[in-house]
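Given the structure is predicted, the values throughout are model-derived calculations rather than measurements. In what follows, every chain begins at residue 1, and chains take the letters A, B, ... in the order their sequences are listed.
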Amino acid sequence: MFALVDVNNMYVSCERVFRPSLNGKPVVVLSNNDGACIARSNEAKDLGVRMAQPWFEVRHLQRQAGLVALSANFELYGDMSSRMMAIAAEYAPRQEIYSIDECFLDLEGVPQDRLAIGRDLRSRVLQWTGLPTSVGFGPTKTLAKLANHIAKMADRKPGSYPAELAQVCDLGQMAPAQMEALLRATEVGAVWGIGRKTTTRLSEAGIHSVADLLRADTATLRRQFNVVMEKTLRELRGTSCLDVNDAHEANQQIMCSRSFGGAVTDLPELIDVVSQFTGQVARKLREQGSVAGAVHVFIATSPYHRNEAQHAPSATLPLPQPSADTRVLISAAVRALRGIYRPGFNYAKAGVMLVDLQPQARQQDTLDLFGAQEEQAPAPRGGAELMNALDALNRRFGRHAVTVGGTSLHARPSAHASRQERRSPRYTTRLEEIASARA
DNA sequence: TCTGGGGTCCTAGGACCC
DNA sequence: TCTGGGGTCCTAGGACCC
């Protein structure tokens with residue numbers, strides 16, 4: 001039996017912990033550049049604010065409906081997430097942290113009453129962190145997800161589902177008749193793994209509810225879609241195909257990309273941006289103890305500016321030897337950038353991706369058979385220690401305290417600098433920003 | 001004026017080999 | 001006018017997730 005624990009409207013809920021005056025109000029959290037809504041309170045959802053909707057489209061709701069917008073504060077959310085995850089982990093022998101705001105628990109051998117467990121977990125997380133969660137139980141991960149969805153909706157929209165399913169819902173102990181009624185009332189799009197495109201295609205085939213889907217023929221669906229669909233079906237029917245994965249594996253790719261505050265046209269500024277991004281992905285790469293085999297760089301104009309010339313080139317540059325050295329990676333990224341850059345375009349976005357990742361240990365004995373080749377610069381000296389020192393300084397003094405030569409931020413205001421005018425303090429991770437109580 | 005960012009897995013089709 | 005066949009590996013792109 002599995003549980004899925006999920007924080008309701010995670011980013012908004014984190015903000016509300018420190019600003020209780022936001023409770024009950026429509027609140028959104030904005031992406032980089034204060035560009036789009038990436039989290040919405042229930043009240044904001046009720047106002048019709050959609051996921052990833054551009055801020056300028058809903059900005060008028062500030063005055064019309066008291067909508068409050070905040071810039072994303074990921075440092076705060078990451079820290080709150082760790083606290084919540086640690087509490088949830090106490091309730092089962094195995095936990096898979098699936099995203100910043102949700103985890104699966106494997107309840108194998110946990111004997112007690114699941115509803116009691118769910119309610120206890122929920123109230124403990126609420127009491128210790130201030131975050132509201134929903135808990136779903138099911139005999140497969142997909143059903144636990146579905147149970148969680150029902151728990152949320154029953155809480156948020158009274159009448160959509162029976163009230164007793166709110167907040168904590170167990171699909172593992174439900175009478176067949178009630179189960180059938182629930183599945184009839186749930187649209188296929190709510191199922192984990194069934195997205196927008198698939199929903200449209202299923203709808204054309206007359207499959208609208210989860211109950212419809214369960215009646216469909218597995219082989220036919222497998223033929224029309226793919227193995228993912230087949231697995232989803234089997235999971236919905238109670239056959240577990242997906243296990244809780246508690247060994248968090250290293251990422252296979254690490255990316256940093258961002259749209260700019262304004263258009264960027266000249267190469268030096270793009271080099272600056274790409275160098276900064278590379279510094280960030282390099283740090284993440286070392287954190288997970290990997291080396292990268294290649295660097296992928298892309299720049300792009302804005303597809304929304306339809307009357308401007310469009311250009312979205314990218315390039316992948318393999319490294320002569322896998323590396324985690326910021327200087328090596330930046331030099332490759334900048335070379336890739338020079339190769340794809342064309343003057344005369346208004347670039348709106350850039351990104352750096354490290355790919356072909358491998359564990360650092362394995363790299364020891366893969367020295368180039370032919371030794372360093374002439375045209376390849378020899379690896380910089382003292383790589384590992386220098387990078388360790390760099391990481392330590394930046395951990396201690398903030399992300400941009402120390403950077404590799406050439407990646408310093410421009411003294412002049414840069415077009416790419418992102419706007420973040422509404423960020424809340426990093427209450428839990430910066431002493432100088434800690435919450436203070438007023439008498 | 002302003003339009004998210006970070007990941008995973010699967011598949012089709014081309015390159016290459018015998 | 002005919003123009004192998006089957007296997008494997010790699011990559012780009014699509015769909016999905018949060």
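- Within the 4.5 Å cutoff, the side chain of A:Glu287 has heavy atoms near those of the A:Arg283 side chain.
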A:Phe2 vs A:Phe104, test: ring-ring contact (aromatic ring centres under 6.0 Å, His included). Steps then yes/no. CA-CA 7 Å; A:Phe2 300 91; A:Phe104 286 102; 7.4 Å; no
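- Note on A:His305: a side-chain N or O is less than 4.0 Å away from OP1 or OP2 of B:dC2.
- The partner of C:dC17 is B:dG6, judged by Watson-Crick or G-U wobble contacts that both fall below 3.5 Å.
- In this structure a side-chain-to-backbone donor-acceptor pair under 3.5 Å is missing from A:Thr133 to A:Asp6.
- A:Lys231 has its side chain out of reach of A:Val227: every pair of non-hydrogen atoms, C-beta onward, lies at least 4.5 Å apart.
- Across C:dC18 and B:dT3, the matching P atoms stand 25 Å from one another, rounded to whole Å.
- In this structure, A:Tyr11 and A:Tyr77 have parallel ring planes: the angle between them is below the 30° cut-off, well short of the 60° mark.
- Using a 4.0 Å heavy-atom distance criterion, A:Ala36 is classed as a sugar-phosphate-only contact.
- Panel note: side chain A:Asp325, backbone A:Met387; no donor-acceptor pair is recorded below 3.5 Å.
- Distance A:Phe298 CZ to B:dG4 C1': 12 Å, rounded to the nearest Å.
- Note that CZ of A:Arg94 and CG of A:Leu107 are 11.0 Å apart. Values are rounded to the nearest 0.5 Å.
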How would nucleotides 5-12 of chain B be written as a contact map, 5' to 3', with B for base contact, S for sugar-phosphate-only contact and - for no contact, using protein heavy atoms under 4.0 Å? SSSBSSS-
Per-nucleotide protein contact along nucleotides 13-18 of chain C, 5' to 3', at a 4.0 Å heavy-atom cut-off (B base, S sugar-phosphate only, - neither), is --SSSS
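- If you take OH of A:Tyr304 and C1' of B:dT3, they are 5 Å apart, rounded to a whole angstrom.
- Side chain of A:Arg426 to backbone of A:Glu75: no donor-acceptor contact under 3.5 angstrom is found.
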